[in-house]
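Step one of this worksheet: look at the structure below.
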Protein chains: 2
Amino acid sequence: MASSNKKVERVMKSIPEMEKCAMIADIFKALGDPGRLRIVKALSMGKLCSGDIAAALNMENSLVSHQLQVLKHQGIVTFKKEGKFMIYSLSNECVKKLLKLVDKHLNNCEQEAKQ
Amino acid sequence: MASSNKKVERVMKSIPEMEKCAMIADIFKALGDPGRLRIVKALSMGKLCSGDIAAALNMENSLVSHQLQVLKHQGIVTFKKEGKFMIYSLSNECVKKLLKLVDKHLNNCEQEAKQ
DNA sequence: TGAACACATGAACATTTGTTCAAATAAAGA
DNA sequence: TCTTTATTTGAACAAATGTTCATGTGTTCA
């Protein structure tokens, strides 16, 4: 065994339940696809209908629709119907902040790689 | 076509290149697995050796090792060798902040679900 | 030296995922 | 009404992923 010490016990007790971890992971997973990430980036500039997303990102409409369902499921995007259009937007500011933080993380990594 | 308007053009021009999007997505993807997320959560409490992570999270050593490689690859964790132990830790503060933000996002979603 | 420990690695496998296609729904206009 | 437009849905399939097992590497200690 490694060390079966206090440290291990403390960690063991404070890690959230499996279910909660899975929920958190699911949000990251939703952002963990280049296509979906581009959709989120697009929506961070303002609301867009499904077809405009597809046009701007040069993706197939049905793919955009599938991806939007995933993002919707994780509460990342919301939508409202306007006539025959579905207008999507980011559901809260957390997502924008997440994008910024990851950019920062990437920059950190690049800086360290240079040194 | 949807609307082929200014809005679409603006989005089209400002979305980062595919490669950059893929890099960002890869970081989210690394966090998008319950097992890896638990490892990251554990390391957010302090540095740990590989075996202690496995013990604390009740995971197989080889699985922990595989997952750590993924996290290492994305610059999420770093390590230093100490004798026969490999001591892992989070490589920067961004990751902790990411975890906090996702918690906040989840809380937002729960609040809205109640209303 | 050799046994025991800590960890990494590679192959193999089932499962999950992203993507495409064809078809379905739903609203708008002729 | 019928047609067109906007979007969603489901089936299908290739590709990617998580996990396990067996093996390999490097370190410590007797």
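No hydrogens, no waters, no symmetry mates; every other heavy atom, side chains included, goes into these values. The chains referred to below are lettered A, B, ... by the order of the sequence lines, with proteins before strands, and numbering in each begins at 1.
- Shown here is B:Lys47, whose NZ atom has no more than 12 heavy atoms of other residues, nucleotides or ligands within 6.0 Å.
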*asked:* Does the protein touch nucleotides 24-30 of chain D at the base, only the backbone, or not at all? Give it as B, S and - per nucleotide, heavy atoms under 4.0 Å.
replied: --SSS--

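- Between A:Ser50 and A:Asn61, the closest side-chain pair of non-hydrogen atoms is not below 4.5 Å.
- Between A:Leu31 and B:Leu31 the shortest side-chain heavy-atom distance does not fall below 4.5 Å.
- Distance alone, capped at 3.5 Å, places no donor-acceptor pair between the A:Arg36 side chain and the B:Ala25 backbone.
- Here the P atom of nucleotide C:dA28 and the CZ atom of A:Phe85 are 10 Å apart, to the nearest Å.
- With A:Arg38 contributing its side chain and B:Cys21 its backbone, the two residues share no donor-acceptor pair below 3.5 Å.
- Between A:Ile53 atom CD1 and D:dT8 atom C1' the separation is 14 Å, expressed in whole Å.
- Taking the side chain as every heavy atom from C-beta outward, B:Gln67 and B:Leu63 approach each other to under 4.5 Å.
- Rounded to an integer number of Å, the gap from A:Ile87 CD1 to C:dA27 C1' is 14 Å.
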Which pairs would a plain distance check flag for residues 68-81 of chain A, meaning a side-chain donor or acceptor within less than 3.5 Å of a matching protein atom at least two apart in sequence or in another chain?
unit_1  : atom_1 : unit_2  : atom_2 : d
A:Gln69 : OE1    : A:Lys72 : NZ     : 2.8
A:Gln69 : NE2    : A:Ser65 : O      : 3.1

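- For B:Asn92, the side-chain contact (heavy atoms from CB on, under 4.5 Å) test picks out A:His105, A:Asn108, B:Cys94, B:Val95, with sequence neighbours left out.
- Put simply, the side chain of B:Phe28 reaches to within 4.5 Å of the side chain of A:Leu99, judged on heavy atoms.
- Atom CZ of B:Phe79 is separated from atom C1' of C:dA8 by 11 Å (rounded to the nearest Å).
- Taking a 6.0 Å sphere around CE of A:Met23, one finds it holds 12 or fewer heavy atoms contributed by other residues, nucleotides or ligands.
- Heavy-atom distances under 4.0 Å link DNA chain D to B:Glu60, B:Ser62, B:Leu63, B:His66, B:Gln67 of residues 57-77 of chain B, given in residue order.
- Sorted by residue number, the members of residues 15-39 of chain B with any non-hydrogen atom under 4.0 Å from DNA chain D read B:Lys29, B:Asp33, B:Arg36.
- B:Tyr88 has a side-chain polar atom (N or O) that falls below the 4.0 Å cut-off from OP1 or OP2 of C:dA8.
- Partners of B:Lys20 by side-chain contact (heavy atoms from CB on, under 4.5 Å), not counting sequence neighbours, listed by chain and number: A:Asp103, A:Leu106, B:Pro16, B:Ile24.
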